[in-house]
Structure formats: C-alpha cells, structure tokens
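First the proteins, then the strands, lettered A, B, ... as listed; each starts at 1.
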2 protein chains.
Amino acid sequence: MKKADCKISDAEWIVMKVLWEEAPLTSAKIVEAVGSNKNWSPKTIHSLISRLVKKGALGVNKETPLYEYYPLVDKRDCILDETRSFIHKVYDGSIHLMLANFIKEEKISEKEIEELERLLNKKNNK
Amino acid sequence: MKKADCKISDAEWIVMKVLWEEAPLTSAKIVEAVGSNKNWSPKTIHSLISRLVKKGALGVNKETPLYEYYPLVDKRDCILDETRSFIHKVYDGSIHLMLANFIKEEKISEKEIEELERLLNKKNNK
DNA sequence: TAAATTGGATTACACTTGTAGGACGGTGGG
DNA sequence: CCCACCGTCCTACAAGTGTAATCCAATTTA
C-alpha cells in the first residue's frame with residue numbers, strides 16, 4: 001500500500017470506494033456493487049477499472065480464472081490528498097478557514113455538534 | 001450575482017479568487033495579482049480570463065479603454081458547490097464524517113481549536 | 001515617427017475524463 | 001457440441017483543462 005501520487009478522478013473514486021470497502025473482487029462484483037448507485041454500463045466500469053490498474057491504484061491477481069482486483073493505494077492517503085487539494089483550491093490552504101466556514105454554513109445536528117466538541121476536546125488535551 | 005452553475009476549474013479558481021478580492025480589474029492587474037503565486041505566462045492568464053467570461057463567471061466592462069473584469073458569480077455559492085462535490089466524492093456526502101476526520105487528521109493550533117469550539121457553541125445555542 | 005510591447009480574439013495541442021463500443025477467446029447452458 | 005454471453009484488451013470520441021502561441025490593432029517608448 002503505497003501513498004504514491006493517486007490522481008483519482010471523480011468517477012474512479014466510486015470504484016475505489018467499493019474496493020476499499022471489500023477486496024479483492026472480480027469485475028462482476030465491482031459492477032454489481034457500483035451498479036446500485038450509479039447507472040453505468042458495465043463497459044464503463046471496466047474502463048474505469050483498467051485505468052485505475054494502469055495508474056497503479058489497483059492491483060490485479062491474474063492467477064484466478066476471473067481476475068481479482070484490489071487497491072494498491074491507501075484510502076487515508078487519498079483522502080488526505082484530495083482534501084489538501086480542495087482546501088488549497090478553495091481556502092488557499094487554510095484548514096481553519098475551512099472548518100470555520102463549514103461549521104457556519106452547514107446544518108449539523110445537535111448530537112453531531114456534541115461529538116465534534118468531544119473530538120476537539122480530545123485533541124486539545126493531547 | 002447569480003448562483004448559476006459555476007463549473008470553475010482549478011486554474012480558473014486562482015483567477016476568480018483575485019477578482020473576488022478586488023474588482024473590477026484590468027487584465028494587467030489580474031496578471032500582476034496572480035503572478036506572485038503562480039508562474040504563468042500572461043497569455044495563459046488571458047486564456048483563463050476569456051474562458052471565465054465565456055462561462056459566464058466573469059463580466060466585462062468594455063467602456064473603459066482597457067477592459068475591466070469583475071465576477072458574475074458569488075464566491076460563497078462557488079465555495080458551497082465545490083465543497084459539496086468534494087464531500088460527496090470523498091465522504092459519500094457525510095459532512096459529519098468529513099469534519100470529524102479533519103479534526104482528527106489535521107494539525108490545528110490550540111487557539112484555533114478554541115475558536116472552533118466557540119463557533120460550535122454558538123451554533124448549538126441557536 | 002518608427003519600433004517594440006500589450007491587450008484581445010482566435011487557434012493550438014496534448015492530456016484527462018466520462019462514457020462507452022468492438023474484437024476475440026473462454027465458459028456455461030441447452 | 002455449439003452458441004450466446006461475459007471478461008479483457010484495445011479503440012473511440014467529444015468535452016474540459018493546462019498551457020500557451022499567433023495575428024492584429026492600439027499604445028507606449030525611444
């Protein structure tokens with residue numbers, strides 16, 4: 001699981017999330033898992049899988065009769081990357097600005113607020 | 001200032017941020033403002049400006065000898081859009097998951113933590 | 001005033017992305 | 001045993017992006 005430069009596009013993320021949830025999977029399984037929330041032709045999903053393999057984000061086990069695919073990049077790393085580039089683009093890199101804006105703009109339930117407060121507290125005491 | 005579908009690319013965001021900061025500006029001014037943090041040819045910046053005009057994200061005042069450009073889309077709306085699509089891609093739309101992850105992963109100073117707590121509090125009491 | 005620079009419009013060009021389709025060979029059902 | 005369908009690999013193709021260059025007219029500069 002390398003960090004690598006995982007440049008994963010929007011559509012590809014959907015496939016990756018499936019594999020991060022459960023792996024290895026055959027392409028049929030992936031198609032099935034994705035199918036529920038996206039209306040793509042299986043061909044499209046195959047394309048995405050191939051691209052991800054070529055990019056080095058997915059690995060393939062060719063021993064099995066039907067190839068099995070599994071992630072080669074770490075989900076956490078990809079999330080961090082994606083997050084950083086988002087924050088950089090929109091907030092000029094200011095995490096603080098971003099969090100503040102979020103808390104202000106988005107509707108969060110009271111329970112969630114309490115949990116976030118708890119998290120902040122834990123962080124503060126560390 | 002319409003909300004419109006502001007599909008602004010990474011590079012274009014840099015230009016928009018300049019104009020949201022101060023407008024209207026001539027292209028020379030924009031080039032100058034961008035120049036400091038990006039190493040683009042002025043030509044590149046002109047291209048971006050034109051695209052933004054074509055997209056309807058920027059307006060032009062052609063009365064002045066040198067055209068003056070200004071935003072037609074609201075910054076806040078664009079941020080919200082961008083944010084939503086980020087959260088949807090990475091966190092399946094869960095704002096809460098996202099905030100929690102942030103607080104966990106990123107290094108935030110103690111002062112910032114306190115301010116965030118203050119914000120959360122205000123939100124909670126509202 | 002002639003030359004050099006700049007601004008705006010148009011064009012360029014390779015790469016990525018979304019979204020498949022076609023060819024070919026293996027597998028499963030009748 | 002033969003055919004239809006699925007998985008793989010390759011190809012396609014238009015739109016969007018990053019990153020300019022060209023052409024022409026206006027403007028600044030020597």
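Spacing between atom CD1 of Ile30(A) and atom P of dG7(D) amounts to 11 Å, rounded to whole angstrom units. Taking atom CG of residue Leu58(A) and atom C1' of nucleotide dT8(D), one finds them 15 Å apart after rounding to whole Å. In this structure, the CD1 atom of Ile49(B) is 8 Å from the P atom of dG8(C), given to the nearest Å. Computed from coordinates, the Asn39(A) CG to dT19(C) C1' distance equals 12 Å when rounded to whole Å. If you measure from atom NZ of Lys7(A) to atom C1' of dT17(D), you get 11 Å, rounded to the nearest angstrom. In this structure, NZ of Lys55(B) is placed 11 Å from C1' of dA15(D), rounded to the nearest angstrom. When the P atom of dA25(D) is taken as reference, atom OH of Tyr67(B) falls 14 Å away, rounded to whole Å. In this structure, CG of Leu52(B) is placed 12 Å from C1' of dT17(D), rounded to the nearest angstrom.
Distances shown here put a side-chain N or O of Lys62(A) below 4.0 Å from the OP1 or OP2 atom of dC9(D). Here Tyr69(B) reaches the OP1 or OP2 of dG8(C): one of its side-chain N or O atoms lies under 4.0 Å away. Side-chain nitrogen and oxygen atoms of Lys38(B) include none within less than 4.0 Å of the OP1 or OP2 phosphate oxygen of dA20(D). At the phosphate of dA20(C), neither OP1 nor OP2 sits under 4.0 Å from any side-chain N or O atom of Trp40(A).
Minimum atom distance to the side chain of Glu12(A) is reached by dT17(C), of the listed dA9(C), dT17(C), dT19(C). If you check dT17(D), dT19(D), dT19(C) against the side chain of Thr44(B), the one that comes closest is dT19(D). Closest to the His46(A) side chain, of the nucleotides dT19(D), dG8(C), dT8(D), is dT8(D).
Two residues are said to be in side-chain contact when any heavy atoms from C-beta on lie closer than 4.5 Å; Tyr70(B) and Val60(B) fail this criterion.
Among the atoms of the strands shown, only primed sugar atoms or phosphate atoms (P, OP1, OP2) are found under 4.0 Å from some heavy atom of Ser9(B). Within 4.0 Å (heavy atoms only), Ser41(B) reaches sugar-phosphate atoms of the nucleic acid but no base atom. The residue Lys54(B) sits apart from the nucleic acid: no heavy atom pair falls under 4.0 Å. Within 4.0 Å (heavy atoms only), Ser27(A) reaches sugar-phosphate atoms of the nucleic acid but no base atom.
Side-chain N/O atoms of Asn101(B) and Tyr91(B) include a donor and acceptor closer than 3.5 Å.
If you check distances only, the side chain of Lys43(A) does reach the base of dG22(C) with a donor-acceptor pair under 3.5 Å. One donor-acceptor pair, N or O on each side, does fall under 3.5 Å between the base of dT19(D) and the side chain of Arg51(B).
Hydrophobic clustering keeps Leu80(B) apart from Ile8(B) (ILVMFWY residues linked when any side-chain heavy atoms are closer than 4.5 Å, directly or through intermediates).
When each of Ile113(A), Leu99(A), Leu119(A) is paired with Leu99(B), the side chain to side chain contact (heavy atoms under 4.5 Å, CB included) condition holds for Leu99(A) and for no other.
Looking at which nucleotide of DNA chain C each of Ser47(A) and Ile8(A) is closest to, the 5′-most match is held by Ile8(A).
Using a 4.0 Å cut-off between charged nitrogen and carboxylate oxygen, Lys62(A) and Glu68(A) do not count as a salt-bridge pair.
Take Glu22(A) and apply the salt bridge (charged side-chain N to carboxylate O under 4.0 Å, His left out) test, not counting sequence neighbours, and it matches no residue.
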